[in-house]
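The structure appears right after this line, and notes come after that.
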Amino acid sequence: YVACVSARRDEIAPGELVEYWNNTYSRYYQRNDPIFEIDPSLVGFLSGRLCYIGELQISESLRGQFSAAKLASNLGLLAQAICLNKWKPDFIYAFIREDKRFLARQFGFCRLIPNARTWLVEVSNRSSSEILAASSAREAIACLTAYSQQRTETKCHGATISAIDRQKEA
């Protein structure tokens with residue numbers, strides 16, 4: 001493979017995020033007990049139609065090259081565009097390792113939430129230091145629009161969203 005990414009759509013009722021994530025991860029890691037706690041502020045934050053983007057991988061032979069970073073960024077943005085078009089989510093989110101947090105902005109995520117979840121058990125390839133990266137659909141569309149118009153990444157956060165709000169009000 002050269003690169004890959006996955007996406008999943010879920011419908012989460014308000015207040016059901018903790019139960020949903022515990023059920024999902026318990027099945028994935030084959031555990032019957034709760035395996036992590038989440039920051040209580042997230043309970044009301046993420047709900048509705050959610051798209052999770054994960055498992056972004058770049059071939060080891062390409063890692064560390066500038067082209068690999070650009071490929072990863074473009075693949076993450078493309079995954080978001082496909083999710084927005086196909087599933088019309090309210091939010092798109094991912095978990096990003098702390099040491100790769102700089103990638104969150106390159107992937108077009110507007111909100112970064114450290115310590116979103118604390119693992120209660122040790123699981124492979126997961127850490128409590130992962131950052132929840134998220135964007136509302138409106139934020140994601142604004143960022144994708146800015147990127148497609150060859151703007152810098154900082155212009156898609158805030159200013160572009162405000163411009164869209166003004167257009168809607170007119």
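Source: prediction; values computed, not measured.
To the nearest 0.5 Å, the span separating CD1 on I12 from CD on E19 amounts to 9.5 Å. Taken to the nearest 0.5 Å, the CG atom of D90 stands 7.5 Å off from the OG atom of S47. For the atom pair SG (C83) and CZ (R49), the distance works out to 13.0 Å, reported to the nearest 0.5 Å. The CG atom of L75 sits 10.5 Å away from the CD atom of Q57 when rounded to the nearest 0.5 Å. For the atom pair CG (N23) and CD (E16), the distance works out to 10.0 Å, reported to the nearest 0.5 Å.
The two residues Q80 and A140 make their nearest non-hydrogen contact at OE1-CB, 3.7 Å. Smallest separation of non-hydrogen atoms from V5 and G54: CG2-O, 3.6 Å. In plain terms, the two heavy atoms of R105 and C110 that are nearest each other are NH1-O, 2.8 Å.
In the displayed structure, K88 atom NZ is contacted under 6.0 Å by more than 12 heavy atoms of other residues, nucleotides or ligands. Residue D99 qualifies as enclosed at atom CG: its count of foreign heavy atoms under 6.0 Å is above 12. Heavy-atom neighbours of N115 CG from other residues, nucleotides or ligands within 6.0 Å: at or below the threshold of 12.
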Requested in this report: Might you work through the side chain to side chain contact (heavy atoms under 4.5 Å, CB included) test for L103 and Q106, ending with a clear yes or no?
Outcome: CA-CA 5 Å; L103 293 174; Q106 291 178 8; 3.3 Å; yes
Query - side chain to side chain contact (heavy atoms under 4.5 Å, CB included) evaluation trace for S135 with C143 - result: CA-CA 9 Å; S135 291; C143 284; 5.7 Å; no
Report task. Start with the C-alpha gap between I131 and E98, add the side-chain angles, then the distance that decides, and say whether side chain to side chain contact (heavy atoms under 4.5 Å, CB included) holds. Result -> CA-CA 6 Å; I131 294 169; E98 171 65 37; 3.3 Å; yes
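In the hydrophobic clustering of ILVMFWY residues, with side-chain heavy atoms under 4.5 Å counting as a link, L17 and L112 come out apart. Y20 and L120 end up in different hydrophobic clusters when Ile, Leu, Val, Met, Phe, Trp and Tyr side chains are linked at under 4.5 Å. Note on W87 and F91: separate hydrophobic clusters, where clusters join Ile, Leu, Val, Met, Phe, Trp and Tyr whose side-chain heavy atoms are under 4.5 Å apart, directly or indirectly.
Counting heavy atoms from C-beta outward, F109 and R111 have side chains that stay 4.5 Å or more apart. Between T118 and F36 there is no side-chain heavy-atom pair separated by less than 4.5 Å. No side-chain heavy atom of L50 sits under 4.5 Å from any side-chain heavy atom of P89.
Residue I82 belongs to a hydrophobic cluster whose other members are L78, with links defined by side-chain heavy atoms closer than 4.5 Å.
In terms of the side chain to side chain contact (heavy atoms under 4.5 Å, CB included) criterion, residue partners of L132 (sequence neighbours excluded) are, by chain and number, L42, L46, Y93, F95, I113, A116. Remark: S136 pairs with E139 by the side-chain hydrogen bond (donor to acceptor under 3.5 Å, both in side chains) rule, at least two apart or across chains.
Partner of F107 under the side-chain contact (heavy atoms from CB on, under 4.5 Å) criterion, chosen from I92, L56, N74, I53: L56.
Taking a cutoff of 4.0 Å between a charged side-chain nitrogen and a carboxylate oxygen, R117 and E130 qualify as a salt bridge.
For R101 (side chain) and I96 (main-chain N/O), no donor-acceptor pair under 3.5 Å exists by modelled atom type.
Residues W21 and Y52 keep their aromatic ring centres 6.0 Å or farther apart.
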